[in-house]
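So the structure is just underneath, and the comments pick up after that.
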Amino acid sequence: MTIAVTAVSGQLGAAIAKALVAMNTGEPIVGLARTSENAKGLSIEVRPGDYDNLEQLQASFAGVDTVLLVSGMAAPEDRIGQHRNVINAAKAAGVKKIVYTSVQGAEEGTAFSPIIQSNRQTEADVRESGLDWVIGRNGIYIEPDVEYIDTYRKAGEITNCAGDGRCGYTTRGELAFAYARMLTSASHNGHTYNLHGALLTQNELAAFMNQAFGTALIYRAMSFDDYKADRIAELGAFIGTIIAGIYQGIQNGALDIPSDFATAAGRPHQSWQEYFGSISE
């Protein structure tokens, strides 16, 4: 059974490809990347994989049985068509199963909701494809907070608009472990899984950061409007609005949901005590 992982030049796609290789089950693994040169060092065959190029995708899926579709990064109105290209190319090439990396969040009422709606449309397209399917709804990556530690340390605080909301955080490594199992076991077919670890508030996140990095960070809540303006000033209108919308959803309770990680992965999600202990300075 040949497995193809799309977007292997990105962090999640690369992590999933590495997790599949580490399983050492004997199935050939191929990666697809829009720019193949950006996907070196994975010890797998890399083929062209531009989501906008239906014919290229179909050719790259030749001989593939299972496809991992990593959600694209385009604007919501564009990514639906891009994902449909992947699905249609997979069907035309004779692929039997597709696994999709979707996302958690509020479907209405936040600045992130258009992204969620586009993901839900792709979920529907996957379910209606006629292929075997599995859908994972990813929690929020915790790595960006860890990578932001120098900024947090300088400010002495973590600031956003999440308030007291609880969030289902996860890591790319844990997601990769789960997706490798979802790709290789038929027992997951036809299921949609929420993939995250133990829920955290921002105050709890700050406490874990303090333990790992020896800081004395506090959490300070901001209004959505103020946080959105802050993020747009640093990241630009598109990304800044998306980030603010994610935290708006946390505040509204959209990320405070049960996790199916153990069912998908066959083991519990790594604890935050273990994760932050592994990165402590």
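Atoms considered below: every heavy atom in the structure, side chains included; atoms not considered: hydrogens, waters and symmetry mates.
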Indicate if [X] and [Y] have the same hydrophobic cluster label, given that clusters are the connected sets of ILVMFWY residues with side-chain heavy-atom separations under 4.5 angstrom.
X      : Y      : value
Ile239 : Leu12  : no
Val146 : Tyr148 : yes
Ile142 : Leu199 : no

Note, [X] side chain near [Y] side chain (heavy atom, < 4.5 Å):
X      : Y      : value
Thr66  : Thr2   : no
Gln104 : Asn138 : no
Val103 : Ile116 : yes
Tyr275 : Glu174 : no
Trp272 : Tyr169 : yes
Leu195 : Thr170 : no
Leu54  : Val86  : no
Gln56  : Arg47  : no

- [ ] Begin with the C-alpha distance, continue with both residues' side-chain angles, and end with the deciding distance and a verdict on side-chain hydrogen bond (donor to acceptor under 3.5 Å, both in side chains) for Asn194 and Ser259.
- [x] CA-CA 5 Å; Asn194 293 321; Ser259 176; over 6 Å; no
Are Asp150 and Arg153 close enough, and set up right, to give a salt bridge (Lys or Arg N to Asp or Glu O under 4.0 Å), and what steps lead you there?
CA-CA 5 Å; Asp150 289 340; Arg153 184 183 279 120; 3.0 Å; yes
- Sort and list the pairs that fulfil ring-ring contact (aromatic ring centres under 6.0 Å, His included) and have at least one residue in residues 103-141, not counting sequence neighbours.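 Residue pairs with at least one partner in residues 103-141: there are none.
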Quick one: pull up [atom1] in [X] and [atom2] in [Y] and give me the separation to the nearest 0.5 Å.
X      : Y      : atom1 : atom2 : answer
Asn85  : Ile80  : CG    : CD1   : 12.5 Å
Ser71  : Arg137 : OG    : CZ    : 12.5 Å
Asp164 : Gln251 : CG    : CD    : 8.5 Å
Ile158 : Leu217 : CD1   : CG    : 5.5 Å
Tyr227 : Ile246 : OH    : CD1   : 8.5 Å
Ser43  : Ile29  : OG    : CD1   : 12.0 Å

Determine whether a donor-acceptor pair (N or O, by modelled atom type, separation under 3.5 Å) exists between the side chain of [X] and the backbone of [Y].
X      : Y      : value
Thr6   : Val70  : yes
Thr110 : Gln248 : no
Thr241 : Phe238 : no
Asn88  : Arg84  : yes
Asp50  : Asp52  : yes
His188 : Ile135 : no
Asp230 : Asp226 : no
Asn189 : Asp132 : no
His83  : Gly72  : yes
Gln117 : Glu107 : yes

At their closest point, which heavy atom of [X] faces which heavy atom of [Y], and how far apart are they?
X      : Y      : answer
Thr201 : Arg166 : CG2-CG, 3.7 Å
Arg79  : Ile115 : NH2-CD1, 3.7 Å
Phe224 : Ala111 : CZ-CB, 4.0 Å
Ala93  : Ala62  : CB-N, 4.4 Å
Ala7   : Tyr51  : CB-OH, 3.9 Å
Val95  : Leu131 : O-CD2, 3.1 Å

For [X], I'd like to know if atom [atom1] has over 12 heavy atoms of other residues, nucleotides or ligands within 6.0 Å.
X      : atom1 : answer
Glu147 : CD    : yes
Lys97  : NZ    : yes
Met73  : CE    : no
Glu55  : CD    : no
Asn38  : CG    : yes
Glu157 : CD    : yes

*Verify side chain to side chain contact (heavy atoms under 4.5 Å, CB included) between Val67 and Phe61, making sure each step is shown before the conclusion.*
CA-CA 8 Å; Val67 168; Phe61 287 145; 3.6 Å; yes
Checking Leu57, Val46, Val5, Val8 against Leu32 for side-chain contact (heavy atoms from CB on, under 4.5 Å), the one that qualifies is Leu57
Notebook entry, point to check: Which is it for Asp125 and Gln121 under the side-chain hydrogen bond (donor to acceptor under 3.5 Å, both in side chains) test, yes or no, and what are the steps along the way?
Noted result: CA-CA 6 Å; Asp125 292 341; Gln121 180 58 62; 3.0 Å; yes
- Start with the C-alpha gap between Ile87 and Ile98, add the side-chain angles, then the distance that decides, and say whether side chain to side chain contact (heavy atoms under 4.5 Å, CB included) holds. CA-CA 8 Å; Ile87 296 166; Ile98 188 163; 3.9 Å; yes
- Step-by-step side chain to side chain contact (heavy atoms under 4.5 Å, CB included) determination, Tyr247 to Ile250: CA-CA 5 Å; Tyr247 286 94; Ile250 296 172; 3.8 Å; yes
Assess whether side chain to side chain contact (heavy atoms under 4.5 Å, CB included) is satisfied between His196 and Ile140, documenting all intermediate values. CA-CA 8 Å; His196 59 266; Ile140 303 304; over 6 Å; no
Ring pair (Phe, Tyr, Trp, His ring centres under 6.0 Å) filter on Phe208, not counting sequence neighbours, yields Phe276
Task: Cation-aromatic face contact Arg181/Tyr179, 6.0 Å, 45 degrees - done: no
Before giving the answer on ring-ring contact (aromatic ring centres under 6.0 Å, His included), spell out for Tyr193 and Phe261 the whole-Å C-alpha distance, their side-chain angles and the decisive distance to 0.1 Å. CA-CA 7 Å; Tyr193 296 125; Phe261 185 90; 9.8 Å; no
### Query
Run the salt bridge (Lys or Arg N to Asp or Glu O under 4.0 Å) check on Glu37 and Lys40 step by step: do they pass?
CA-CA 6 Å; Glu37 305 86 76; Lys40 296 178 179 179; over 6 Å; no
Query raised in the report: Side chains of Glu123 and Asn119: is there a donor and an acceptor less than 3.5 Å apart?
Result: no
